[in-house]
Amino acid sequence: MTEQYNLETLDENDIDAVLDTRIRELLSRCFPDSPEKFQSHRIWHNLSPQYTVLARSQDCGNGFPDNETASVIGHVAVVIRTITTTWNWRYNVASIQGVSVAEEFRRIALATRMLERALDEAKRRGYLYAVLFCKESLVPFYERQGWRLTDDSVIMWNEQDCPITMRSNCPMYKELTGRPFPEGPVDIHNPEQVGMKETKK
C-alpha cells in the first residue's frame, strides 16, 4: 500500500492552536471512554508532552500537509518522567502516551512506525528507557515491538504523593540502549516532584 501520510516529530512549541485542536479531535475519537478529557488540553497527569510524533494525511496535493488542510490520523505523545527504585536509583525516562490511529488507517503498521520514530528520538535525546501503561489486550502488540512487562510492581504517583489509578494497568518498558532496566519495584513521578524529595543516603 502506498503511504498516504507523513510522519513528523514536533516539540510542544511547534504545535499551534489549529493543530492542537486536530490532535484533540483524534484523541477524542480514539479514547471514547473519556472524550471530555481532551476538550481543552492534551495533558496526562499534569505533565505536558516534551515532543509528539504525528501522522498527517497528504491532503495538499504536493505531499506535504499543512496545519490548515491536513487531517491528523496518528499520534504518539512522549512525556518525561522520573523512575525511582528501592535503591534510590533515579532515571528520567520517555513515557509513551496517547498512542492512537484513525480507524480508516489501521492495519498498515502506522502505530509501529510512530512508536519507532518516538523511541529513536528518545534515544537521540539520551534516555535509557521508555515506559508505558496499556490495556491487557494490547500487551501482545507491544511485545511484538520489543516491549516487556515488568517483573515487579510499578506505581505512578501524583503531586500529592498519592498513587494514580491507571485505567490501563499493564506497565511495560523498553530498553533503548544495552543497559538493563532496573530490578525491583519502580515508582514513577513527575521530574519536578522527585527533585523536591530528600535524597536517601
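In this text, all values refer to a predicted model and were calculated from it rather than measured experimentally.
- Nearest approach of Ile80 to Ala94, heavy atoms of both residues: CD1-CA, 4.1 Å.
- Between the side chain of Arg106 and the main chain of Val101, a donor-acceptor pair closer than 3.5 Å is present.
- Using a 4.0 Å cut-off between charged nitrogen and carboxylate oxygen, Arg125 and Glu121 count as a salt-bridge pair.
- In this structure a side-chain-to-backbone donor-acceptor pair under 3.5 Å is missing from Tyr5 to Val72.
- Across all non-hydrogen atoms, the minimal contact from Pro182 to Thr85 is CB-CG2, 3.7 Å.
- When hydrophobic clusters are built by joining Ile, Leu, Val, Met, Phe, Trp and Tyr residues whose side-chain heavy atoms come closer than 4.5 Å, directly or via intermediates, Ile43 is not grouped with Val79.
- Leu54 places a side-chain heavy atom less than 4.5 Å from the side chain of Leu19.
- In the displayed structure, Glu183 atom CD is contacted under 6.0 Å by at most 12 heavy atoms of other residues, nucleotides or ligands.
- Residues Thr84 and His189 have side chains that bring a donor and an acceptor to within less than 3.5 angstrom of each other.
- Annotation: side chain of Thr9 is not in contact with side chain of Thr52 (no heavy-atom distance under 4.5 Å).
- Between the OG1 atom of Thr150 and the CE atom of Met172 there is a distance of 9.0 Å, given to the nearest 0.5 Å.
- Within the model, atoms CD1 of Ile108 and CD of Gln4 stand 6.5 Å from one another, a figure rounded to the nearest 0.5 Å.
- Annotation for Asp152 and Pro185: closest pair CB-N, 3.7 Å, computed over non-hydrogen atoms.
- Atom CZ of Phe133 is separated from atom CD of Gln97 by 9.5 Å, given to the nearest 0.5 angstrom.
- Considering OG of Ser48 and CZ of Arg42, their distance stands at 8.0 Å, rounded to 0.5 Å.
- Contact check on Glu143 versus Arg148 returns no salt bridge, with no Lys/Arg side-chain nitrogen under 4.0 Å from an Asp/Glu carboxylate oxygen.
- Panel note: side chain Asp16, backbone Val18; a donor-acceptor pair is recorded below 3.5 Å.
- Using a 3.5 Å distance cut-off with no hydrogens or angles, the side chains of Ser71 and Arg22 do not pair a donor with an acceptor.
- The shortest heavy-atom contact between Ile15 and Asp20 is CG2-N, 3.7 Å.
- Two residues are said to be in side-chain contact when any heavy atoms from C-beta on lie closer than 4.5 Å; Ile73 and Leu110 meet this criterion.
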> What's the verdict on side-chain contact (heavy atoms from CB on, under 4.5 Å) for Ile188 and Thr82, showing C-alpha distance, side-chain angles and the deciding distance?
Replying inline: CA-CA 6 Å; Ile188 300 180; Thr82 298; over 6 Å; no

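- Val139 places none of its side-chain heavy atoms less than 4.5 Å from the side chain of Phe141.
- Remark: Arg24 CZ to Ser40 OG distance equals 6.5 Å, nearest 0.5 Å.
- Taking the ring centroids of Tyr129 and Tyr91, they lie under the 6.0 Å cut-off.
- You'll find the side chain of His75 reaches within 4.5 Å of the side chain of Leu27, heavy atoms only.
- If you look at Tyr173 and Phe181, their ring centroids are closer than 6.0 Å.
- Put simply, the side chain of Val78 does not reach to within 4.5 Å of the side chain of Gln50, judged on heavy atoms.
- Salt-bridge formation is not detected for the pair Arg124/Asp120: no Lys NZ or Arg NE/NH1/NH2 atom is positioned less than 4.0 Å from an Asp or Glu carboxylate oxygen.
- The line from CZ of Phe31 to CG of Leu26 is 8.5 Å long, rounded to the nearest 0.5 Å.
- Side-chain atoms of Lys174 never come within 3.5 Å of backbone atoms of Tyr142 as a donor-acceptor pair (strictly under, hydrogens ignored).
- Tyr51 places none of its side-chain heavy atoms less than 4.5 Å from the side chain of Glu12.
- In summary, the side chains of Arg81 and Asn190 do present a donor paired with an acceptor at a separation below 3.5 Å, with no hydrogens or angles considered.
- Side-chain contact between Leu128 and Leu176 is absent, with no heavy-atom pair separated by less than 4.5 Å.
- For Gln145 against Thr112, the heavy-atom pair with the smallest separation is OE1-CG2, 3.1 Å.
- Leu119 and Leu149 fall within a single hydrophobic cluster, where Ile, Leu, Val, Met, Phe, Trp and Tyr are joined by side-chain heavy atoms under 4.5 Å apart, directly or via other members.
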